Amino acid sequence: MTPTRRRRLLIVLSIIVGAGLATTLVVFALKENMLFFYRPAEVAQGLAPVDTAFRMGGMVVDGSVVRADDSLAVQFDLTDYQETITVQYEGILPDLFREGQGIIAQGKLSTQGVERPVFEASEVLAKHDETYMPPEVADALEQSKAARGETTP
Amino acid sequence: MTCALIEAIQIEHERNGLPIYQAVSFRIEAGQALLIEGGNGVGKTTLLRQLAGILPTRSGRVLFDGSELDEQLANARSQLLYLGHRLGITDDLSCQENARLWQKLWGRQANQDIVRSLQSVGLMGYEQSRAADLSAGQRKRLALSRLLLCPARLWLLDEPYSNLDADGLALVNRMLASYLERGGAAILTSHGTFDPGLRGVQRLVMRAA
Amino acid sequence: MTCALIEAIQIEHERNGLPIYQAVSFRIEAGQALLIEGGNGVGKTTLLRQLAGILPTRSGRVLFDGSELDEQLANARSQLLYLGHRLGITDDLSCQENARLWQKLWGRQANQDIVRSLQSVGLMGYEQSRAADLSAGQRKRLALSRLLLCPARLWLLDEPYSNLDADGLALVNRMLASYLERGGAAILTSHGTFDPGLRGVQRLVMRAA
Amino acid sequence: MANKQKKNPIVLFIHKTGSPEYFYKLSGRFLPWLIAITTILTAWGLYQALYVVPPDYQQSESYRILFIHVPSAWMSMFIYAAMAVMAFIALVWRIKVAEICAMASAPIGAAFTFITLCTGALWGKPMWGAYWVWDARMTSELVLLFIYLGIIALYRSIDDRRAAARVASIMALVGLVNLPIIHYSVEWWTTLHQGQTIRLTGPSSIDASMLPPLIIMAVATKTYFIAAMLANARNMLIEQDRNKSWVRRLIGDAP
Amino acid sequence: MRAGSAQVLMAMIWRDLRLAMRRRGQLAHPLLFLTLITVLFPLALGPDPKQLGAIAVGIIWVGALVAVTMTLSDLYRSDRDDGWLEQLMVSGHPMVLVAIGRSFSHWLTTGLPLLLLTPLFASFLNMPEQLLSTLLLSLLLGTPTLSLIGNIVAALTVGIGRSGFLVGLLVLPLYVPVLLFAAGAVNAQAGGLSPDAHLLMLAAIATLAATLTPWATAAALRTSLSSN
Amino acid sequence: MRAGSAQVLMAMIWRDLRLAMRRRGQLAHPLLFLTLITVLFPLALGPDPKQLGAIAVGIIWVGALVAVTMTLSDLYRSDRDDGWLEQLMVSGHPMVLVAIGRSFSHWLTTGLPLLLLTPLFASFLNMPEQLLSTLLLSLLLGTPTLSLIGNIVAALTVGIGRSGFLVGLLVLPLYVPVLLFAAGAVNAQAGGLSPDAHLLMLAAIATLAATLTPWATAAALRTSLSSN
Ligand code: HEM
Ligand SMILES: Nc1ncnc2c1ncn2[C@@H]1O[C@H](COP(=O)(O)OP(=O)(O)OP(=O)(O)O)[C@@H](O)[C@H]1O
Ligand SMILES: Nc1ncnc2c1ncn2[C@@H]1O[C@H](COP(=O)(O)OP(=O)(O)OP(=O)(O)O)[C@@H](O)[C@H]1O
Ligand SMILES: [Mg+2]
Ligand SMILES: [Mg+2]
């Protein structure tokens with residue numbers, strides 16, 4: 001092997017080794033949870049931090065929304081179909097906020113004076129899925145699902 | 001007038017207590033030139049910077065128009081032009097913009113317009129070029145045009161011949177000759193590789209201390 | 001050997017689409033020197049930087065040892081030393097430290113030790129001085145010592161004579177003469193104010209495009 | 001010189017289109033068509049998006065901004081990739097036309113990135129309840145804008161056009177790492193930004209009735225990009241080669 | 001025959017502004033820097049809008065300080081390297097003109113653009129809206145002082161290569177009072193108090209700086225230049 | 001006759017470190033900068049220890065980023081101005097050695113000292129103590145990447161005068177992932193999560209940077225130098 005060839009081989013080898021090592025590390029990293037994002041079930045189990053702000057995501061429970069008459073304050077329950085956590089918020093809600101809709105709330109847990117922790121949200125964001133369809137199609141889908149005895153997620 | 005334009009009496013320069021060169025004295029009147037010679041590192045640049053008032057002179061006296069340089073620095077400075085190893089050219093301006101700036105700050109020599117001066121130092125066609133794009137010799141020529149554009153009673157020139165081609169050397173000599181004739185005075189350094197061939201030139205050979 | 005050490009065939013240089021100088025050709029063998037002449041701004045520095053491979057050569061061919069320069073740039077470069085307007089001196093190192101660094105990177109010329117080389121370029125007593133504190137001519141001399149310290153088959157020297165005193169000019173000529181005798185080759189620029197007075201020197205006069 | 005004839009056809013093709021004169025003439029022939037197609041498609045696509053397609057079951061009318069947001073989001077990434085490919089060609093084969101095309105793409109890509117950010121923010125307020133959230137998709141898109149701006153600034157701050165293009169090309173290649181991050185961010189992290197709707201392979205989760213304007217706009221933005229890039233590149237080329245014989249001939253020919 | 005002071009001042013400011021234009025994008029630089037800082041902080045802190053809003057003033061003011069500081073090491077450097085400062089010194093014109101001119105053009109190219117874009121940064125960082133006018137006023141009164149004081153330090157370090165961090169070290173302590181009163185003004189407003197006292201102090205500092213710093217800068221320039 | 005690669009690398013690193021010593025205090029500069037930032041923030045925010053503690057990680061990491069960024073515009077500049085880079089290019093030694101050597105010596109003189117003094121800054125800013133080890137680990141894994149990426153940008157801008165802010169614009173977007181994962185690690189730890197995922201990502205980025213950036217830096221140097 002000429003010196004230049006050997007140098008090239010060395011270069012290629014080192015790049016392959018480096019890239020391989022990096023990929024392995026990434027694969028391991030992606031297996032772990034990296035975000036301050038909790039489901040109501042995790043919060044109920046006490047996994048969520050107490051003093052730090054975090055995000056909680058889930059569905060707004062049907063019929064749980066209570067609006068105050070004189071202010072923008074609102075209270076509702078959030079569920080992941082395992083556990084339910086009560087959320088309090090004061091502010092304007094996004095258009096997409098409605099019962100049965102997925103939302104993400106940013107805020108802190110408050111444990112004062114209540115036996116069940118209440119989530120005090122500083123921000124409520126609507127999280128919709130990636131499905132787009134006309135209302136009629138959605139209705140039709142609903143009906144056919146209902147006919148088959150399923151519920152919409 | 002009995003007093004010289006500039007007179008140096010046994011001046012020295014020391015750096016951290018060590019003298020750089022052996023004390024020198026000279027005296028120049030209007031219309032005269034002084035050529036400072038000496039080997040590399042002997043202190044020519046240092047001396048010139050002292051005369052321009054950039055470096056302090058702590059022993060010996062420099063008289064300008066008969067009175068201490070230190071006491072009328074601003075006055076003396078407003079009557080001289082200095083051309084050092086660093087040429088004082090603004091790289092991001094064009095030749096013409098540089099020249100206009102000099103005229104604004106140093107005043108305008110009677111009958112001198114910028115384009116004509118640039119042409120006479122051989123920069124015709126480069127008026128709009130960015131100064132940074134000039135070659136080593138062209139930069140030197142641009143700096144020399146300051147001497148044409150701005151009035152002064154004394155020129156302090158550090159190696160004005162370096163980086164110039166044969167044509168450039170002749171240019172410097174022509175400029176010097178006509179300046180001295182008009183009553184100017186000049187102090188210049190050179191390595192003697194080129195003889196200015198002017199009349200009335202004193203020579204001063206410096207020696208390391 | 002029938003092929004030249006370095007051969008240029010109708011090379012040009014263009015900047016933003018404009019040619020700088022009229023195409024040049026030359027051919028140099030071991031033991032020969034080429035003196036490039038021409039007025040200020042004609043393109044001498046540019047040509048030398050092309051030969052050193054710093055600037056690209058987009059039209060014409062440069063052959064080193066008979067094969068394209070572009071295709072063996074690293075090999076060609078390891079056999080030449082280049083001295084430009086910027087001297088490649090590290091200001092905050094002493095002369096000796098600079099020299100030691102050069103030896104480490106460019107290899108050590110047989111029988112050359114640092115102190116002796118510094119002495120022979122006239123920097124005796126400045127071995128421990130910070131390079132920044134040297135005068136213009138002394139810096140040039142320090143840069144010249146690289147030629148003594150490191151081996152090479154080709155020297156590319158841009159205005160090696162500038163800023164040097166008479167003694168310094170003689171030094172450069174002595175260095176060149178003995179180098180050519182030992183089979184080296186050199187390409188240098190100069191403004192013709194000083195005639196190297198060497199045997200076997202070709203001259204190339206460049207012209208602006 | 002013998003080995004020059006054996007070069008593979010791709011390199012040969014690159015070299016041929018890489019001749020400034022050939023490129024200039026060829027692109028000049030395409031340009032009017034591209035402009036015409038772009039205008040027609042954009043008008044048609046916008047009409048469809050605003051008046052023809054049905055509203056969404058959840059977002060009702062405001063989802064129509066999708067037809068601007070999504071095509072420009074795609075373009076912000078597509079243009080970067082195209083620019084990087086051209087930058088690579090420019091660096092390896094030193095082809096001037098590739099250098100110029102890469103640099104001509106950067107401002108267009110930056111513009112699309114900016115549009116994506118703006119439309120996303122405007123859409124986010126009613127839907128999510130916030131103009132801006134620091135989630136991975138949005139952050140990485142913002143980073144993309146900065147990278148574009150950096151490339152443009154770098155290109156402009158060097159005098160020699162060719163050297164400037166080469167330096168900026170290296171930066172373009174370095175910035176390439178950001179593209180997979182933008183695309184996969186919604187999968188790797190739980191983002192507020194929704195996941196993938198349109199898939200090239202497998203079923204998309206958008207109703208077929210809503211697809212036409214999206215496809216039309218996607219094509220229109222592509223033709224717009226090609227047209228704008230060519231127009232930019234032609235100007236830059238003329239400017240750089242203004243002293244070359246082919247430009248002189250061109251100007252001489254002109255009536 | 002020589003030009004009068006006003007003319008010299010004009011010529012020098014003209015040169016600075018022209019150079020700022022030539023070195024394209026230089027104008028935009030402090031802005032970009034502040035933009036990047038306002039982007040980096042939310043990233044590093046995690047996206048809690050309330051927390052962010054509470055420290056927005058701090059981020060903007062510290063960002064502005066750092067942005068201005070970063071321009072300082074280049075403020076006189078290139079003028080020194082190309083011999084222009086030397087020429088000005090030998091010209092016999094008072095150095096204080098150089099100091100005044102440079103301070104002014106420095107503010108025009110750094111402080112002013114920062115001021116103009118601050119509303120954008122503030123909304124980006126969720127700063128409560130009613131604080132904006134006070135923040136702007138504090139910047140209007142504070143940034144000229146930053147330029148004036150910065151000029152002294154730039155002049156002091158002009159003879160030193162690679163002075164970036166030395167400049168930072170020297171200047172940031174001098175900037176502390178400005179920062180205190182400026183942030184104090186906005187924080188007072190946020191806490192429901194009147195910001196006037198702080199703003200008056202800022203104005204006082206600015207007046208003082210405008211009258212005194214040019215002399216210090218001029219002296220620093222002269223000394224730095226004659227040291228080698 | 002010429003020196004081997006390892007020897008050349010050693011010689012270049014030796015030079016860098018010697019220069020760092022000579023230019024007295026250069027070593028201390030990023031440190032001083034971070035010190036000043038950690039002092040300025042409490043001043044701008046008012047000293048609420050809890051609030052301060054919550055944003056301590058942000059301040060330290062953003063400070064480190066900015067400190068490193070500020071060193072970049074000078075990283076190759078003086079070597080270019082005095083012709084040393086030109087000489088290295090003409091020497092025929094692979095430019096990638098220059099890139100590797102400079103990246104390493106840059107880390108030794110910026111990242112490492114920052115790492116060593118971080119415990120001090122952290123306690124100054126009231127950062128909860130149990131976070132310190134994660135913070136240090138994140139700096140250990142993150143700062144080499146900063147040096148490596150910074151070298152590319154420094155090399156790209158070496159031909160441009162007054163490049164300070166252009167450098168910032170180019171480099172900070174590239175630093176964003178490092179910042180995200182580094183701050184993410186500490187924030188995760190603070191919130192009771194495991195920081196491992198973030199640290200693994202940091203390690204991955206560092207490995208990738210170490211294998212790829214020297215080539216980019218070398219190419220950038222070659223191109224920038226041949227631009228005039
Ligand atoms: C400033 C905020 C936003 C930014 C920076 C942003 C950025 C992007 C980008 C870069 C893509 C292309 C992803 C890819 O092809 O890999 C994209 C796609 C998309 N975005 Fe956004 N977006 C924003 C806000 C929104 C909002 C508020 C919505 C809707 C409520 C939205 C809906 C979509 C949809 C439907 C797609 C297409 C998804 C696909 O099929 O790939 N975006 N966005
Ligand atoms: N970066 C640049 N951009 C544009 N033009 C340039 C640049 N550098 C040099 N030039 C021009 O190229 C020409 C050749 O310059 P070069 O430095 O090679 O000349 P030279 O022969 O070495 O001159 P001198 O004898 O004065 O050193 C000059 O006319 C100069 O104005
Ligand atoms: N900043 C400095 N610190 C210490 N010594 C210095 C400094 N500057 C110059 N010197 C020394 O002072 C002496 C005189 O330098 P000067 O530059 O005046 O010489 P010169 O006569 O102009 O030489 P040249 O012909 O080489 O230009 C030299 O020996 C030099 O080494
Ligand atoms: Mg001298
Ligand atoms: Mg030259």
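This is a predicted model, so every value here is computed, not measured. Heavy-atom basis, side chains included; hydrogens, waters and symmetry copies ignored.
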Q) Is any side-chain N of the basic residue among F:D81 and E:R77 closer than 4.0 Å to the acidic one's carboxylate O? A) no
Q. Heavy-atom distance under 4.5 Å to chain E: side chain of F:A54, backbone, both or neither?
A. both
Q. If you look at every heavy atom in E:S194 and E:A188, which pair is closest and at what distance?
A. O-CB, 4.0 Å
**Q.** Residue F:I37 versus chain E: region with a heavy atom under 4.5 Å
**A.** side chain
Q | Counterpart residues, salt bridge (charged side-chain N to carboxylate O under 4.0 Å, His left out), relative to F:D16 (two or more places apart) | A | F:R102
(Q) Can you tell me which portion of E:L40 sits under 4.5 Å from chain F's heavy atoms? Options are side chain, backbone, both or neither. (A) both
Q: Go through the atoms of E:L180 and report whether side chain, backbone, both or neither lie under 4.5 Å from a heavy atom of chain F.
A: side chain
Q | F:T213 to F:A209 - nearest heavy-atom pair and separation | A | OG1-O, 2.7 Å
**Q.** Stepwise side chain to side chain contact (heavy atoms under 4.5 Å, CB included) test for E:L199 and E:L202
**A.** CA-CA 5 Å; E:L199 292 175; E:L202 272 185; 4.2 Å; yes
Q) Does E:F121 CZ have over 12 foreign heavy atoms under 6.0 Å away? A) yes
Q: Using heavy atoms and a sub-4.5 Å threshold, report which of residues 124-155 of chain E line up against chain F, by residue number.
A: none
Q: To the nearest 0.5 angstrom, please state how far the CD1 atom of F:I59 sits from the CD1 atom of E:I55.
A: 7.0 Å
Q: Identify which part of E:V66 has an atom lying under 4.5 Å from any heavy atom of chain F, answering side chain, backbone, both or neither.
A: side chain
Q) So which heavy atom on F:L85 is nearest to which on F:V98, and how close? A) CD2-CG1, 4.5 Å
**Q.** Minimal non-hydrogen separation, E:P173 against E:P177, with atom names
**A.** O-CD, 3.7 Å
Q: Let me know if E:T35 has heavy atoms under 4.5 Å from chain F in its side chain, its backbone, both or neither.
A: neither
Q | Partner of E:L72 under side chain to side chain contact (heavy atoms under 4.5 Å, CB included), chosen from E:L170, E:V171, E:T157, E:T110 | A | E:V171
Q: Counting only heavy atoms closer than 4.5 Å, note whether E:V62 contacts chain F via side chain, backbone, both or neither.
A: side chain
Q. Checking heavy atoms, do the side chain of F:L43, its backbone, both or neither come under 4.5 Å from chain E?
A. both
